[in-house]
Trainee: 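Let me give you the structure first, and then I'll get to my questions.
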Amino acid sequence: MQLPGAQQAEAFVRAFLKRSTPRMSQQAREHQLQRKAVVLEYSTRRKQKEKKKKSKGLSARQRRELRLFDIKPEQQRYSLFLPLHELWKQYIRDLCGGLKPDTQPQMIQAKLLKADLHGALVSVTKSKCPSYVGVTGILLQETKHVFKVLTKEDRLKVIPKLNCVFTVEIDGFISYIYGSKFQLRSSERSAKKFKAKGTVDL
């Protein structure tokens, strides 16, 4: 004997199936109800997830071919980059907590080795190639193997790090950089441990 609630539920299910399957006869619906599982006419299909293609950036070769990082001749003016040099000096002062007369040179040297040198005033003091010695200018670009320096004569010099010794001067403090031990990208230097004393075969 069915309870009134069960009768109502059965009547609701039959009415729902009749509305959902209008083309099916009453006998066919009864046959379907005898089964353990009722499958409606329309079933949902799982949508296949489309793999999103990751956008790849330009390769190093493509960047070189497009000359993205080349400085145009009309922009190679020393006066244009003096504000960059002033910003770099303020950046180093903040990095070292203020350059005071009693500041230890070793601390400044350690900070400079890991700092960003774009905008620094760089000089070549020693080199196997005599033509590089004495070149002074603002560092505009740094790669793993070379410094690109703009001189006061508005000439862009490409100086290899190998077999060269550079000096960086700020507020009376002079720091020496041995290029042979400095062949790293600027982004890689922050995790690099440098020795207190470097040597170069000149």
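Values below: all heavy atoms of this structure, side chains included; hydrogens, waters and symmetry mates excluded. Computed from a predicted model, the values in this text were never measured in an experiment. Note that the numbering runs from 1 along the sequence shown for the chain.
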Trainee: Hydrophobic cluster mates of L156, side-chain heavy atoms under 4.5 angstrom, ILVMFWY only, any path?
Mentor: I71, Y78, L80, F81, L82, L84, L121, I138, L140, L150
Trainee: Report the distance from atom NZ of K157 to atom OG of S131, rounding to the nearest 0.5 Å.
Mentor: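 Spacing of NZ (K157) from OG (S131) equals 7.5 Å.
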Trainee: What do the steps show when you test L184 against K144 for side chain to side chain contact (heavy atoms under 4.5 Å, CB included), and what is the final call?
Mentor: CA-CA 5 Å; L184 293 166; K144 185 175 182 180; 5.6 Å; no
Trainee: As a quick check of understanding, evaluate side chain to side chain contact (heavy atoms under 4.5 Å, CB included) for K181 and K161, giving each step before the final call.
Mentor: CA-CA 9 Å; K181 308 294 183 182; K161 295 179 181 179; over 6 Å; no
Trainee: Run V135 and S123 through side chain to side chain contact (heavy atoms under 4.5 Å, CB included) and show every step you take.
Mentor: CA-CA 6 Å; V135 175; S123 300; over 6 Å; no
Trainee: Are any side-chain N or O atoms of T167 and backbone N or O atoms of S175, one a donor and one an acceptor, separated by less than 3.5 Å?
Mentor: no
Trainee: Please list, chain by chain and in numerical order, all residues satisfying side chain to side chain donor-acceptor pair (under 3.5 Å) with Q183, sequence neighbours excluded.
Mentor: H145
Trainee: Could you tell me whether the side chain of V146 reaches within less than 4.5 Å of the side chain of I159, counting heavy atoms only?
Mentor: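 They are not in side-chain contact.
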Trainee: Measuring from R77:CZ to E74:CD, what's the distance to the nearest 0.5 Å?
Mentor: 9.0 Å
Trainee: Measure from the side-chain N and O atoms of S127 to the backbone N and O of V133, and report whether any donor-acceptor pair falls under 3.5 Å.
Mentor: no
Trainee: Can you tell me if Y91 uses its side chain to pair, donor with acceptor, with the backbone of D116 under 3.5 Å?
Mentor: yes
Trainee: Please work out whether the ring planes of F147 and F166 are parallel, tilted or perpendicular, with thresholds of 30° and 60°.
Mentor: perpendicular
Trainee: Salt-bridged, D171 to K89, with N to O below 4.0 Å?
Mentor: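 So D171 does not pair with K89 through a salt bridge.
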Trainee: Would you name the heavy atoms of G119 and H85 that are closest together and state the gap between them?
Mentor: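 For G119 versus H85, the nearest heavy atoms are O-ND1, 2.9 Å.
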Trainee: Looking at every heavy atom in both I92 and L112, which two are closest together, and how far apart are they?
Mentor: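 Smallest interatomic distance, heavy atoms only, reads CD1-CD2, 3.7 Å.
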Trainee: How long is the gap from CD on E142 to NZ on K148, to the nearest 0.5 Å?
Mentor: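 Here the rounded value is 12.0 Å.
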Trainee: Is there a donor-acceptor pair closer than 3.5 Å between any side-chain N or O of Q90 and the backbone N or O of R93?
Mentor: no
